[in-house]
Amino acid sequence: MEETYNFSLIEKKWQKRWEEENAYKVVENEDKPKYYCLEMFPYPSGNLHMGHVRNYSIGDVVARFKTMQGYNVLHPMGWDAFGLPAENAAIKHGVAPSKWTWDNIANMRRQLKSMGISYDWDREVASCHPHYYKWTQWLFLQFYHKGLAYKKKATVNWCPSCQTVLANEQVVDGCCERCDTVVEKRALEQWFFKITDYADRLLEDLDKLSGWPDKVKIMQENWIGRSEGARIKFTVQETGDILEVFTTRHDTVFGVTYMVLAPEHPLVEKLTKGTEYEEKVQEFVKKVQKLSEVDRTSTELEKEGLFIGAHAVNPLNGEAVPILIGNYVLMDYGTGAVMGVPAHDERDFKFAKKYGLKIRVVIQPEGKNLNVEEMDDAYTEDGIMVNSGEFSGLPNREGMEKIADWLEKNNKGQKQINYRLRDWLISRQRYWGAPIPIIYCDHCGVVPVPEKDLPVILPEEVEFKPTGESPLKYSPEFVNTTCPQCGKPAKRETDTMDTFVCSSWYFLRYCDPQNGEKPFNKDKVDYWMAVDQYIGGVEHAILHLMYARFFTKVLKDLNLVSVDEPFTNLLTQGMVLKDGSKMSKSKGNVVSPEEIINKYGADTARMFILFAAPPERDLEWNDQAVEGCYRFLNRVWRIVGAYSDQIKNIQGTIGKPDGADRELYRLTHQTIKKVTEDITERFNFNTAISTIMELVNGLYHYKDKVQEQNLPVVKEAIENLILLLAPFAPHITEELWQSIGKDSSVHKEKWPQYIQEALAVDEVTVVIQVNGKVRDKISVPVDMDKEQVEELAKSQPKVEEYIKDKEIKKVVVIPNKLVNIVVG
RNA sequence: GCCGAAGUGGCGGAAUUGGCAGACGCAGUGGACUCAAAAUCCACCGCCCUCAAAAGCGUAUCGGUUCGAGUCCGAUCUUCGGCACCA
């Protein structure tokens, strides 16, 4: 064994061997329990960053640990390879997106391999490969045939910088989540997936996800935004038009004193055309539409309204109330119209006060009497209904039901559940994505590409224009085709799919990555799915994780998979920070993983990133602490080296060690117990590593202080040290394992089990408190009699000082832990 | 505004079920080794007072429950994350 730890040599040696032996290849095996460990696949930007290192280090510990525990572990890696940066590179540097992407993949694959992660590389997928996107397109067609993919003209979010539309989920604070440009609204014909059909299931099944952080579930719940209420039909007095509103407070319909429409509401134009109000209303509408989406939806925006000269008739009491338009009413939620109940809604109250609209109390708090003149605020709580015709006197919750029944019976409305969730806009006016497999024929209309013609290949010979427009539009070879139904000339859809479509099913493809006949074989997917542990950044809490759940549910309904939730357990890792903020080029605080690996080795990099903080928490990068981890591995190297020759060939059993031998023996088994628990129960790798450090410290002390060393005990300690460290630092442990005379890979060994008997202690330290303050400590035989401990405690000189001349009121004895003497 | 998470030494963090606050590591201090330095090994390392010890104080702030609170309850402050005119 070399005297110094040459990480570079060791890491290369073992990476080469693992590759040659295909050490991490897995196949379905019914004899073992399966375990699917998955980390979110990266976008191939060209270089690994620290966030990746953290993500994949965590995943590798889990995968290696589960493997050692006897599971058949699927641990794959691939590339989320479509996306805008490839096109920008093409425009900027004239390099084809495919070349740019594949070069990046090659580099990042090399970097990943230098980290020594236990991937089954035979299962690698890249979403930009025709063998992959063929099936993305195939899945689109299944959605289409099921009525879950449809095209409609809609007001959509348009990013002028990316020259494409964005899903609602991709708009953050009114800006493009990718480039921060203010998003505009445009009316365009676009493809959507009908995720709203699954809103209820996506919401309800969150309850099944006990292995997910509550934070993520709550975020999804809020995003789906289910609200129960009713749809109510009002009638326009002047024209007889039906005006529908959605409300969650249909118990307050008798309190409606006005109506407010969104400026874009179709009735606005109809009701004002040719009237004296037309001009003013148009002015108002224009003014509102000029606002950016950010300003429009800002809560800061002063609420403004304008009477449009028409009235709405309340179906319950026949009363006609004025109709206004308001800048705060959104066309795309509910019906684009709201009823104004100022007495019982905070916002309506302020609005009514501003415009001098009538306020009528229809809910009274029990035992009180609200008076409109004295109200400073709306009353939004429950109470008893008043001024509500036949419903007066009912508790409002009960009245709500009765009113819903009445509406339904009289055909004036019905109960309705509304969602904040919108359908998923998947069209992108971009080149580097999976083409939407649709053909437009003048005779046959919208025609899906027949499955036998898949994939619709992205043409490589295209020209990129600096305008950022999709080159597909200007590629006649791509656009012009023949109609699969009638054979006449037709044109292809030039929009490509949102990359989130590609990443919504990659975890299924990993189960059967080479399949040329189908997206995947159902038996294989049934064997591996669901993912037992999914690991990735919390930034995907809504987007990717909800889309993947949606896909899984649709595929289950298509009988392509058997699970209805894809990810059983989810770990959301924190960010890697430097100097308190996220590493970014603009801040100049980026630490390159490659440099760290070159300088200290992959094992050190992995150790640091796992040791510095628990996985969910943000992690502060610290160069000096990295050195500390490097020192630790060197320490391990030396202590194993000090014993490797002696323990290599010794036989003999441990028997019943005593004294310092016994301490080391106990420490070994304590370490096994704690490390196992820290990994299994909590994923607290930081404390697992610190426990291993303590074992190393213990070995050093033993080596220094014990004259006649018990080699079987040392051997056991050293072997377990290497085994426990193996998932964290896979290269050095492999080398050390070999150095103590083992022939096979440490990663093929069984995870150690602690011996209960080894943990036993003869004596324990008992803390003595007087009035809750620690005054002394004594060492007593384990499980000593309560009364005996109490007497012993009271007789300690230090304790006597505090209890003499005082009345002992109470003594609390916690066996093997503490005595608390309460004196007065 | 609403929802959620967090707040512990100079720093990263630990304390898993209410029972010794500060494990482990970084930084720092001292010692051994060395001609010397690096590396390594050993020891110390919350604050305050002190030559030292003892005492006192101490887990964002204030209050409560308890023999006992970093941990439970109530209020407040700060930071971070998500949602935000959702009818």
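All values derive from a computational prediction rather than experimental measurement. A note on names: the letters A, B, ... follow the listed sequences, proteins ahead of strands, and every chain is numbered from 1.
- B:A5 and B:C85: their C1' atoms are spaced 26 Å apart (whole Å).
- Regarding A:Lys703, its NZ atom lies at a distance of 10 Å from the C1' atom of B:U40, rounded to whole Å.
- Counting non-hydrogen atoms under 4.0 angstrom, A:Asp618 reaches the backbone sugars and phosphates but no base.
- Atom name P, nucleotides B:U71 and B:G64: the rounded distance is 14 Å, in whole Å.
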Run the side chain to side chain donor-acceptor pair (under 3.5 Å) check on A:Trp637 and A:Glu3 step by step: do they pass?
-> CA-CA 8 Å; A:Trp637 181 265; A:Glu3 219 155 277; over 6 Å; no

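- Under a cutoff of 6.0 Å and an axis angle of 45°, A:Arg638 and A:Tyr5 do not form a cation-pi pair.
- Comparing B:G13 with B:C67, their C1' atoms are spaced 31 Å from each other, to the whole Å.
- Under the Watson-Crick or G-U wobble criterion, with both distances below 3.5 Å, B:A32 is paired with B:U40.
- Shown here, B:G7 is classed anti by the O4'-C1'-N9-C4 or O4'-C1'-N1-C2 angle, which is more than 90° from 0.
- Taking atom P on both B:A15 and B:A60, the two are 16 Å apart, rounded to the nearest angstrom.
- Judged as a side-chain contact (heavy atoms from CB on, under 4.5 Å), and not counting sequence neighbours, the contacts of A:Glu663 are A:Arg666.
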Test A:Glu244 against A:Arg231 for salt bridge (charged side-chain N to carboxylate O under 4.0 Å, His left out), laying out the working first.
-> CA-CA 7 Å; A:Glu244 276 194 297; A:Arg231 197 180 257 262; 2.9 Å; yes

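- Counting only heavy atoms from C-beta outward, the side chains of A:Met546 and A:Leu421 approach each other to under 4.5 Å.
- Of the listed nucleotides (B:C83, B:G4, B:A87), B:G4 has the atom at the smallest distance from the side chain of A:Lys215.
- In terms of phosphate contacts, A:Arg420 brings a side-chain nitrogen or oxygen within less than 4.0 Å of OP1 or OP2 of B:A84.
- For A:Arg617, a side-chain nitrogen or oxygen approaches OP1 or OP2 of B:A14 to under 4.0 Å.
- Atom pair A:Asn168:CG and B:C83:P shows a separation of 12 Å (rounding to whole Å applied).
- For B:U61, the paired nucleotide is B:A75, the pair qualifying as Watson-Crick or G-U wobble because both relevant distances are below 3.5 Å.
- In a base pair of the Watson-Crick type (N1 to N3 plus N6-O4 or O6-N4) or a G-U wobble (N1-O2 and O6-N3), with each distance short of 3.5 Å, B:A27 is matched with no nucleotide.
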Nucleotides 16-25 of chain B: protein proximity per nucleotide (B base, S sugar-phosphate only, - neither; heavy atom, under 4.0 Å) | B--BBS-BBS

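- For A:Ile218, the side-chain atoms get nearest to B:G4 when compared with the rest of B:A55, B:C85, B:G4.
- A:Tyr5 has no side-chain polar atom (N or O) that falls below the 4.0 Å cut-off from OP1 or OP2 of B:U40.
- Residue pairs meeting the salt bridge (charged side-chain N to carboxylate O under 4.0 Å, His left out) criterion with at least one member in residues 769-782 of chain A, sequence neighbours excluded, do not occur.
- Nucleotides B:C77 and B:C62 have their P atoms positioned 15 Å apart, rounded to a whole Å.
- Residue A:Gln220 contributes atom CD, which lies 15 Å from atom C1' of B:G4 at whole-angstrom precision.
- Between the CG atom of A:Leu619 and the P atom of B:C26 there is a distance of 16 Å, rounded to whole Å.
- Between A:Arg347 and A:Met219, the residue anchored closer to the 5' end of RNA chain B is A:Met219, taking for each the nucleotide with the nearest heavy atom.
- The shortest distance between side-chain heavy atoms of A:Val696 and A:Leu721 falls below 4.5 Å.
- Across all strands shown, A:Tyr700 has heavy atoms under 4.0 Å from sugar-phosphate atoms exclusively, and none from any base.
- Residue A:Tyr802 is in sugar-phosphate contact alone, with no base atom involved, counting any heavy-atom pair closer than 4.0 Å across all strands shown.
- For A:Lys599, the NZ atom counts as loosely surrounded, since its 6.0 Å shell holds 12 or fewer non-hydrogen atoms of other residues, nucleotides or ligands.
- Atom CD1 of A:Ile224 is separated from atom C1' of B:G82 by 14 Å (rounded to the nearest Å).
- For the P atoms, the distance from B:C47 to B:A53 is 13 Å, rounded to whole Å.
- When the P atom of B:A87 is taken as reference, atom OH of A:Tyr258 falls 15 Å away, rounded to whole Å.
- Distances shown here put a side-chain N or O of A:Lys810 below 4.0 Å from the OP1 or OP2 atom of B:C67.
- Taking the charged nitrogens against the carboxylate oxygens, A:Glu302 and A:Lys354 do have a contact shorter than 4.0 Å, which makes a salt bridge.
- Look at the P atom in both B:A21 and B:G82: the space between them is 39 Å, to the nearest Å.
- Using the Watson-Crick or G-U wobble rule with both distances under 3.5 Å, B:C83 pairs with B:G1.
- Among the heavy atoms of the strands lying under 4.0 Å from A:Val329 is at least one base atom, whether or not backbone atoms are also near.
- Remark: A:His701 is in phosphate contact with B:A43, judged by side-chain N or O atoms under 4.0 Å from OP1 or OP2.
- Regarding contacts with the backbone of B:C41, a side-chain N or O of A:Arg638 is found under 4.0 angstrom from either OP1 or OP2.
- Comparing the P positions of B:G68 and B:U17 gives an interatomic distance of 22 Å, to the nearest angstrom.
- With RNA chain B read from its 5' end, the first of the two nearest nucleotides for A:Asn684 and A:Lys303 is the one closest to A:Asn684.
- Looking at A:Arg249 and A:Asp345, no side-chain N of the basic residue comes within less than 4.0 Å of a carboxylate O on the acidic one, giving no salt bridge.
- In this entry the distance linking CD of A:Gln416 with P of B:C86 reads 17 Å, nearest Å.
- Nucleic acid contact for A:Arg775: sugar-phosphate only, since backbone atoms but no base atoms lie under 4.0 Å from a heavy atom of the residue.
- When rounded to the nearest whole Å, the span between CG of A:Asn771 and C1' of B:A69 equals 16 Å.
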